[in-house]
Structures are given as structure tokens and as C-alpha cells.
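Contents: one structure, followed by commentary.
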Amino acid sequence: MSENYECISVDAVDRVATVTLNRPDKRNAMSPQLNSEMRDALTKIRYDDGIDLVVLTGAGDSFTAGMDLKEYFRETEGDPTAFERVRDVAWDWQYNILRNLPQVTIAKVNGWCFGGGFTPLTSCDLAISADEATYGLSEVNWGIIPAGLVTRDVALAMGYRTAMYYILTGEPFDGKRAAEVGLVNESVPRAELDERVAELSSHLKGLNPAVLRTAKETYRHSLDMDYGQAWDYTAAKALQLRARDKEGGRREGMSQFLDKKSFKPGLGAYARPAGSDA
Ligand code: COA
């Protein structure tokens with residue numbers, strides 16, 4: 001997967017696509033062009049059967065400094081149609097596509113993460129931060145509010161009191177605090193970030209991708225349903241998984257446990273059958 005993008009880069013190695021926001025001079029601020037390139041790249045990844053995992057990160061010392069204050073906000077001021085055009089592309093990749101990718105997604109937060117950067121962060125399934133990363137819902141300083149889905153997503157990840165605190169104060173916080181409040185799964189020293197994400201990627205690649213895909217879809221969609229709907233939807237997803245799962249993980253796992261006695265889930269992962277992708 002080698003495209004000539006200017007504001008991002010995509011490297012696909014061993015079934016993992018690393019997508020890097022790549023405007024380090026502008027602290028990876030998300031300009032209309034970057035948003036458009038992200039939409040293109042993620043659409044390609046979405047339909048690529050050779051990719052099981054996506055890592056989203058930033059070049060240099062930033063994850064992303066948020067939406068581009070000049071190109072996204074100032075240059076569209078006074079022109080609602082122009083603003084809607086760039087806003088819809090941002091919404092498309094940050095919410096529609098990224099959140100609903102069939103592949104598992106990991107945000108690798110290497111540095112600055114501000115404002116609109118919280119949407120791609122929370123749209124990823126998992127997030128690992130550098131302790132040294134700095135986060136900020138800085139909008140109150142700009143005369144704007146955390147818009148798009150930032151408020152909703154931050155509330156979901158951090159909970160009511162903590163989300164309200166950072167939304168109202170704009171106070172920055174570090175990676176350790178992000179882990180403490182549930183915005184990311186864990187935080188490690190910057191020097192160990194690549195290694196920790198590689199380790200997590202390696203674990204996830206050893207699991208059945210059809211199961212992971214269906215598990216994340218079920219989680220995301222059932223949250224918006226009432227209990228009866230969620231019960232029935234989950235039953236239907238479980239049946240869909242049996243049609244989707246080329247390696248027959250359900251039958252294989254049970255056989256390893258009940259017949260071969262070669263696998264106990266409490267003690268380790270089941271061995272994917274020979275010929276599986278990982
Ligand atoms: N939009 C557009 N440009 C941005 C940007 C943003 N969100 N964030 C940084 N940049 C640009 C700066 O304007 C500067 O451009 P220039 O070299 O042409 O002057 C360049 O990136 C470097 O920024 P600078 O502030 O000098 O870097 P720094 O390392 O000293 O500080 C930050 C980094 C992230 C702390 C600081 O840039 C910042 O606070 N950015 C705004 C973050 C924010 O509030 N985002 C929310 C937007 S809603």
C-alpha cells in the first residue's frame with residue numbers, strides 16, 4: 001500500500017497498517033487535505049483483507065494538535081457551505097470510517113493531543129499513551145466548544161465529572177492521567193511506547209480476526225439499543241460470525257478444550273489452525 005500522500009503516511013507490514021499523521025511542522029494539525037487523505041487511506045484499508053490491525057499515530061513530537069485553526073476554521077469563516085464541505089470529510093474519516101473499520105484499531109499517542117484530536121483517539125478501539133504526551137480540551141481558550149463528537153466521546157471514556165472538569169477548565173494533563181481516567185488503556189514511558197504497541201499488536205494478531213471484528217461491532221452498536229434489542233442483535237451477530245469465520249474458531253476451540261485437552265482459556269490462547277493468516 002504505497003500512496004503519494006502529503007499529510008499522512010501508511011506503512012503496511014505483516015498484516016499491520018501503521019497510519020501516521022504527518023505534518024510535524026504543524027504539530028499534525030488536521031487540515032482539510034489531511035482529512036481527505038485519511039478518508040482515502042482508511043477506505044482502502046477497510047476493504048483490504050491483508051490487514052488485520054491498524055495503528056494510528058503522529059510524526060515527530062505530536063499525536064495531533066487538533067483541527068487546523070487556520071485552514072479548517074479561519075479560511076472557511078463566513079462561508080457555511082465551504083465549512084460544511086471540510087467538516088463532512090473530517091466527520092467521515094474520524095467517525096464513520098475509523099470507528100467502524102473491521103480491523104482492530106490502536107491509537108499510539110506519542111505526544112500533543114488537543115481538541116479535535118480526541119475524536120480519532122476515542123474512535124480507535126484501544127489506546128496506548130506515552131507518559132510524556134500532553135492532552136488538552138483547549139477549546140474554551142479559543143472561544144469555541146469541544147464540538148464534533150469530542151464532548152460525547154470524552155464523556156463516554158472518562159465519565160461525567162472528569163469529562164466536565166476538563167471540558168470546562170481546558171487544563172492540560174499527561175499520559176498517566178489519561179490512563180487513570182480511562183481515556184487510554186495504559187501509559188508507558190515514551191521510550192517504551194513502540195515496544196508496548198508492538199507487543200499488543202502481536203497478541204491481537206494471534207487471535208481470530210473474524211471474532212475480533214464481530215466483538216467490536218457488537219460492542220459499538222449494542223450500546224445504542226435497549227436490552228431486548230441488544231439481546232436479539234447479539235444472537236444474530238453470533239450466527240453471522242459462524243458464517244464469517246473461515247477458520248471455524250468455535251468448533252476448533254471446543255475441540256482443543258474438550259477432545260484434545262490441549263487448551264485451557266485461563267492459561268493461554270487457543271492455537272489457531274494451520275493455514276490461518278497470523
Ligand atoms: N492548527 C493550526 N496550526 C497549528 C495548530 C493547530 N491546531 N497547532 C500548532 N500549529 C502550528 C503553529 O501555528 C505553528 O505554525 P508556524 O510554524 O507556521 O507558526 C506550528 O504548528 C508549530 O506550533 P508551535 O505552537 O510553535 O509549537 P510548540 O511545540 O511550541 O507547541 C502546541 C505545540 C501543540 C502546544 C501548540 O502548538 C498549541 O497549543 N497548539 C494548539 C492546540 C489546540 O488548542 N488545538 C485545538 C484546536 S481546536
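The analysis underlying the following values was restricted to heavy atoms, covering all of them including side chains, and did not include hydrogens, waters or symmetry mates. Predicted, not measured: the structure shown is a model, and the values here were computed from it. Order of appearance sets the numbers: ligands from 1, and atoms from 1 within every ligand.
For atom 29 (O) of ligand 1, the closest non-hydrogen atom on the protein side is Arg27 NE, 2.9 Å. Nearest non-hydrogen protein atom to atom 46 (C) of ligand 1 is Ser138 OG, 3.4 Å. Ranking protein heavy atoms by distance to atom 20 (C) of ligand 1, first place goes to Asp25 O, 3.1 Å.
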Item to check | Test log, rule side chain to side chain donor-acceptor pair (under 3.5 Å), inputs Thr64 and Arg27 | outcome: CA-CA 6 Å; Thr64 171; Arg27 305 301 179 261; over 6 Å; no
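At a heavy-atom distance under 4.0 Å, only side-chain atoms of Ala29, from C-beta outward, approach ligand 1.
With 3.5 Å as the limit, one finds a donor-acceptor pair spanning the side chains of Ser187 and Asp131.
Between Lys26 and ligand 1, a contact under 3.5 Å exists for at least one N or O pair. At least one N/O-N/O distance between Leu69 and ligand 1 falls below 3.5 Å. Distances between N or O atoms of Ala65 and those of ligand 1 include at least one value under 3.5 Å.
The nearest protein heavy atom to atom 18 (O) of ligand 1 is closer than 4.0 Å.
Panel note: side chain Asn28, backbone Ala59; a donor-acceptor pair is recorded below 3.5 Å.
Residue-ligand proximity, Met67 to ligand 1, at heavy-atom distances under 4.0 Å covers atoms 1 (N), 6 (C), 7 (N), 47 (C).
Ring centers of Phe63 and Tyr135: at least 6.0 Å apart, outside the cut-off.
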